Amino acid sequence: MAGLDFIDSLNPAQRRAVTAGLGQVLVLAGPGSGKTRVLTQRIAYLVQGLGVRPQNILAVTFTNKAAREMEARLVRLLQEDFKGIWLGTFHANCARILRRESQYTDFDNNFAIMDADDQLAVIRRAIKDLNLDEKSYRAVSVHTAISNAKNNLITAADFPTVSYRDAVIKRIYQRYQELLRASNAVDFDDLLLETVRILVDNPQVREKYARRFEHVLVDEFQDTNLVQYELLKLLGSHHGNIFVVGDEDQSIYRWRGADYRNVLRFEEDFKDSQKILLEQNYRSTQTVLDAARAVIDRNAFRTPKHLFSDRGKGERIVLYEAADDHAEAAYVVDTIRQYLESGRAGGGDFAVMYRTNAQSRLLEEAFLRAGLPYRLVGAQRFYGRREVKDMIAFLRLVHNPDDEISLLRVINVPPRGVGERTLVALQLAARQLNLTPGRLLLELGRQGDKSPYWGQFSGRSALVLADFGGMLTDWRSLHSTELSLPSLFDRIVHDTGYREFLDDGSEEGKQRWENVEELRKLAYDYAERGLAVFLENLALVSDQDTIPNDEASAPTLLTLHAAKGLEFSHVFIVGLDEGLLPHSRSKDDVEEMAEERRLFYVGLTRAKNRVTLVRCQQRSAFGAYETQEPSQFLEDLPDSLVLRQGLSSAGWSLSRQARPKTWFTGTGGRTGGSAPVIEQRYHPSDRVRHAVWGEGIVMDSRIQDDDETVDVFFESVGFKRLAASMAKLEIVAKK
DNA sequence: AAGGCCCTTCTTTTT
DNA sequence: GAAGGGCCTT
């Protein structure tokens with residue numbers, strides 16, 4: 001076979017994976033074991049070795065960056081031969097299917113995608129609409145509940161109402177969906193859920209895609225949630241060639257519905273699947289691997305792996321204790337500076353990782369003070385800015401005038417005299433006329449005082465509304481005829497006077513205007529592909545996507561989450577304090593503590609050569625300084641691998657022991673606090689029988705309000721949330 | 001209707 | 001120690 005030379009450079013396990021036969025394949029790949037390489041070469045093998053046409057391959061990655069990276073590698077292996085492949089994130093691929101098949105949904109194919117901020121705004125409105133108290137129903141917690149439901153395939157109609165609160169949340173959920181649909185919009189979770197729904201409800205659509213995708217490949221499989229898993233099964237249902245790559249130990253998105261037990265589920269669902277372990281690590285020194293293993297071995301329920309490396313022992317891990325968080329940042333920057341000055345390393349060799357975004361501020365300041373460049377990873381930082389969101393809202397409105405969330409955001413930006421009263425009048429009139437506010441605005445803009453709707457408003461209101469509607473009408477018609485995306489952008493800035501509004505002479509104003517110019521530059525890149533693609537990509541950017549691809553010579557600052565999939569010669573992990581890593585919000589939950597541990601593991605295994613761990617005795621929490629205890633994870637590092645530096649380098653264990661051990665111990669079960677009144681009887685993966693619904697599998701279970709709440713997936717009716725005391729579930733088989 | 005001041009709340013992680 | 005919401009004045 002020609003052109004398959006690349007296979008020769010693989011190790012035996014990698015080669016077995018790349019050339020595996022048809023059917024289902026599960027590749028469990030430790031960090032640095034050549035996961036991406038296996039995935040791309042598998043695709044190359046399918047195309048060149050087996051003659052599969054690229055358009056019959058679906059490859060799903062976790063971030064757009066990973067997709068681009070894979071594309072770049074495919075170019076090297078196949079030149080043009082891979083064109084036509086469906087390659088992208090779950091969300092991007094679903095958006096693509098939804099736009100094509102929008103006749104099967106209750107929205108149009110130019111639907112908007114709501115980001116997290118938008119979603120909260122819609123939820124706040126839903127709560128207001130229902131006359132509920134915003135204090136007792138916090139938008140964030142309602143959003144979590146709705147999102148969790150969606151990730152578990154639960155629609156508003158099916159939302160289980162065990163408690164009164166659930167019943168209220170169900171109503172908010174329903175109202176929230178109404179508001180989204182009225183705006184011709186979907187949220188992140190809908191992209192997946194709606195796609196599943198279309199495929200389930202319409203056999204002909206399912207067949208179309210299932211026949212098309214002869215091969216389905218998934219990266220970062222441990223971070224898929226139930227909807228994504230379902231999607232995978234549906235899309236692979238015709239040919240059954242499903243190839244997934246993952247590592248349970250790197251599952252760090254549980255809070256977003258990800259469930260590493262999908263790995264177990266996969267083996268359960270596909271009894272004939274092949275399992276291949278990749279254990280040779282090509283990235284790290286043995287010291288790094290030994291430390292990482294000491295940390296992760298304390299987690300239960302995992303496939304034991306024996307990572308090995310031929311890169312030699314390498315240097316010991318440095319553990320540095322600083323006096324406070326300023327000294328912590330200064331130590332990191334100073335250490336990097338010394339390396340750079342000695343010429344032993346380039347800036348791009350370093351990464352500084354932390355648990356929370358808030359920790360980046362002091363680091364940034366330290367870099368600035370030292371006059372050293374750095375790059376900060378974090379899309380939210382840019383796209384979350386007011387001025388950027390404003391400009392995007394204008395563009396979204398041009399594309400989809402029904403988008404009421406964007407309309408409300410900018411109808412009075414810059415201030416043009418549309419206040420509370422005018423707004424209410426607009427919404428009221430729109431409802432009476434059975435139009436969306438945006439459509440009514442366009443009508444007023446087009447016809448001015450000739451419009452039959454003019455009389456609905458007081459003179460002043462009509463004037464300002466028609467004025468805004470007029471601009472919107474112009475933008476829409478210009479854009480549909482002659483104006484390119486960048487020109488449209490400029491036109492909006494010009495017509496609204498947005499620059500003058502922002503750039504008020506202050507330093508902050510100048511900064512804000514620069515952000516708008518940054519966005520404009522981005523729009524320029526999309527001149528060819530157009531507004532729709534631009535908006536979609538904006539909605540689906542991830543933090544990782546903002547890492548410049550050029551191996552720039554500056555140290556990278558990023559969260560541990562954003563670090564997944566990356567590697568650096570020298571990794572700093574800061575904030576190894578109890579309550580920060582592991583985070584205090586996780587301390588009551590065994591599963592969450594296990595995930596904190598995996599997060600630390602992910603950070604450690606990013607390092608090729610050196611790891612420096614940093615903590616401090618005092619840290620400003622919110623305004624005031626608080627004394628910190630060392631992270632419990634530090635205890636798990638073998639002394640032989642560690643070099644202690646900084647303050648009280650001999651006294652660490654003392655300060656550790658002084659702390660009363662009321663927190664989680666690592667062996668499971670509860671410690672400290674009040675003992676639970678009842679014992680947990682059901683556990684994930686148990687098989688149970690219900691009098692009415694028959695047999696099912698326990699997905700999750702927890703003690704809540706003196707009862708046990710059990711989530712069960714029944715073969716007959718699907719997902720149900722039950723109160724154990726009421727449901728009388730019989731245990732058929734213990735896991 | 002806009003702008004300014006005070007209050008609370010917040011901090012996990014993000015497609 | 002920031003940012004957003006509520007309430008006040010102009």
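Remember, it's a predicted structure, so these values are computed and weren't measured experimentally. Chain letters run A, B, ... following the sequence lines, proteins first, then strands; residues in each count from 1.
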*Basic-acidic side-chain contact under 4.0 Å: A:D325, A:R619*: no

_N/O (side chain, A:N151) to phosphate O (OP1/OP2, B:dT15) under 4.0 Å_ = no

_Among B:dT15, B:dT13, B:dA1, which nucleotide has an atom closest to any side-chain atom of A:R256?_
B:dT15

*Does A:R99 come within less than 4.0 Å of A:E536, counting only side-chain N to carboxylate O?*
yes

*Nucleotide nearest A:H583 (side chain, heavy atoms from C-beta), chosen from B:dT11, B:dA1, B:dT14*: B:dT11

*Name the closest nucleotide to the A:R124 side chain, picking from B:dT15, C:dG5, B:dC10.*
C:dG5

*Hey, are A:N225 and A:D259 close enough side-chain-wise for a donor-acceptor pair under 3.5 Å?*
no

*Out of C:dG1, B:dT11, B:dC10, which has the shortest distance to the side chain of A:R361?*
C:dG1

*Considering heavy-atom distances to DNA chain B, does A:P415 or A:L599 have its closest nucleotide positioned more toward the 5' end?*
A:P415

*Write down the distance between OH (A:Y354) and P (B:dT11), rounded to a whole number of angstrom.*
17 Å

_Spacing of OG belonging to A:S360 relative to CG belonging to A:L558, to within rounding of 0.5 Å_ = 10.5 Å

*asked:* If the cut-off is 4.0 Å, is A:T422 near the phosphate of B:dA1, judged by side-chain N/O to OP1 or OP2?
replied: yes

_Any base atoms under 4.0 Å from A:R386, or only sugar-phosphate, or nothing? Heavy atoms, all strands._
nothing

*Using the salt bridge (Lys or Arg N to Asp or Glu O under 4.0 Å) rule, take A:K587 and A:E578 through it: C-alpha gap first, then chi angles, then the decisive distance, then the call.*
CA-CA 10 Å; A:K587 70 178 185 201; A:E578 194 67 16; over 6 Å; no

*Have a look at A:F90 and say if it touches a base, only the backbone sugar-phosphate, or nothing, with a 4.0 Å heavy-atom cut-off.*
nothing

*Closest listed nucleotide, where the reference is the side chain of A:T559 and the choices are B:dT13, B:dA1, B:dC10*: B:dT13

*How long is the line joining CD of A:Q228 and P of B:dT15, in whole Å?*
12 Å

*Nucleotide B:dT13, atom C1' - distance to CD of A:E595 in whole Å*: 8 Å

_With nearest nucleotide decided by heavy atoms, which residue, A:F188 or A:R416, maps closer to the 5′ end of DNA chain B?_
A:R416

_Rounding to an integer number of Å, can you tell me how far A:R421 CZ sits from B:dA2 P?_
14 Å

*Using the C1' atom as the reference point in each nucleotide, state the distance between C:dG6 and B:dT11 in Å, no decimals.*
23 Å

_Gap between atoms CG and P, on A:D467 and B:dA1 respectively (whole Å)_ = 16 Å

_A:N412 side chain, from C-beta outward: closest of C:dG1, B:dT15, B:dA2_ = B:dA2

*Rounded to whole angstrom units, what separation is found between the CG atom of A:L423 and the P atom of B:dA1?*
9 Å

*Among B:dT11, B:dT14, B:dA1, which is the nearest nucleotide to the side chain of A:R585?*
B:dT11

*Rounded off to whole Å, could you give me the CZ-to-P distance for the A:F600 and B:dT13 pair?*
19 Å

*Options B:dA1, B:dT15, B:dT14, nucleotide nearest the side-chain atoms of A:T89*: B:dT15

*Phosphate-side-chain proximity, A:R254 and B:dT13, N/O vs OP1/OP2 below 4.0 Å*: no

*asked:* Using whole Å, what does the distance between atom C1' of nucleotide B:dT15 and atom CG of A:D190 come to?
replied: 13 Å

_When you compare the ring of A:Y253 with the six-membered ring of B:dT15's base, are the centres less than 5.5 Å apart and the planes under 30° from each other?_
no

_Cation-pi check for A:Y601 against A:R598: NZ or CZ below 6.0 Å from the six-membered ring centre and within 45 degrees of the axis, yes or no?_
no

